[in-house]
Amino acid sequence: MGAQFFFGEVVTANDNKGSRFKCEVEVVDNHGVPELRIGPEDEAYNGSIAEFDDWEQFEKFVQAVNDLHFRLSPKK
C-alpha cells in the first residue's frame, strides 16, 4: 500500500523575484511519516518533501496551521 493523501491541490507559487507559477501541495501519510510535498503541478513528489523529525515537531506545525486558519477566518 502506498502513501495516503489528505490534501492535494494546485496553488499559485511565488519565487520572491516576481515570477508566479502553479505548483502542487500535498499532505501525505507516507507509511507513518507525515510529509508535506511541494513540487510541479501533478508531480509534487518530484519537488521538495518536508519530513518531520518527530511527532512533536509535526504537532507544532499542525497547531501553527490551525492558528493561522483561526486568525484568517472571517469573523461572524
Side-chain angles (χ1 to χ4, degrees):
M1 183 174 173
Q4 184 174 3
F5 289 79
F6 291 89
F7 179 85
E9 295 281 335
V10 174
V11 300
T12 300
N14 180 334
D15 68 1
N16 291 323
K17 296 177 184 169
S19 296
R20 295 173 65 81
F21 54 94
K22 296 292 185 184
C23 71
E24 188 163 7
V25 176
E26 297 176 347
V27 176
V28 178
D29 171 358
N30 188 8
H31 304 285
V33 177
E35 292 181 350
L36 177 64
R37 300 174 178 177
I38 301 174
E41 192 172 349
D42 297 323
E43 296 182 15
Y45 54 86
N46 284 331
S48 296
I49 298 175
E51 293 181 354
F52 296 89
D53 292 333
D54 54 41
W55 195 252
E56 181 182 354
Q57 187 181 47
F58 179 64
E59 285 182 331
K60 289 192 300 189
F61 171 76
V62 169
Q63 185 61 52
V65 170
N66 287 335
D67 291 346
L68 181 61
H69 179 262
F70 178 76
R71 179 179 174 162
L72 297 178
S73 292
K75 305 297 183 230
K76 294 180 182 181

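Nothing here was measured: the structure is a model prediction, and the numbers come from that model.
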All heavy atoms of Glu24 vs all of Ala44, minimum pair found to be O-CB, 3.8 Å
Do the side chains of Trp55 and Val65 join up, straight or via other hydrophobic residues, at under 4.5 Å, putting them in one cluster?
-> yes
Between atom CD of Glu56 and atom CD of Gln63, what is the distance when rounded to the nearest 0.5 Å?
-> 12.5 Å
Supply the atom-to-atom distance Arg37 CZ to Asn46 CG, rounded to the nearest 0.5 angstrom.
-> 10.0 Å
About how many Å separate CD of Glu41 and CD of Glu43, when rounded to the nearest 0.5 Å?
-> 9.5 Å
For the pair Phe58 and Phe52, name the ring-plane relationship: parallel under 30°, tilted 30 to 60°, perpendicular over 60°.
-> perpendicular
Measure the spacing between CG of Asn66 and CD of Glu59 and express it to the nearest 0.5 Å.
-> 11.5 Å
Verdict with supporting geometry, Leu36 and Phe61, side chain to side chain contact (heavy atoms under 4.5 Å, CB included) | CA-CA 10 Å; Leu36 177 64; Phe61 171 76; 4.0 Å; yes
Results of side chain to side chain donor-acceptor pair (under 3.5 Å) for Asn30 - residues two or more places apart only | Glu35
Val62 reachable from Ile38 in the ILVMFWY side-chain graph, under 4.5 Å edges | yes
With a cut-off of 3.5 Å and sequence neighbours excluded, list every side-chain donor-acceptor pair involving residues 11-18.
| from | atom 1 | to | atom 2 | distance (Å) |
| --- | --- | --- | --- | --- |
| Thr12 | OG1 | Lys22 | NZ | 3.0 |
| Asn14 | OD1 | Asn16 | N | 2.7 |
| Asp15 | OD1 | Lys17 | N | 2.8 |
| Asp15 | OD1 | Gly18 | N | 3.4 |
| Asp15 | OD1 | Ser19 | N | 3.1 |
| Asp15 | OD2 | Ser19 | OG | 3.4 |

So does Phe70 have more than 12 non-hydrogen atoms from other groups sitting under 6.0 Å from CZ?
-> no
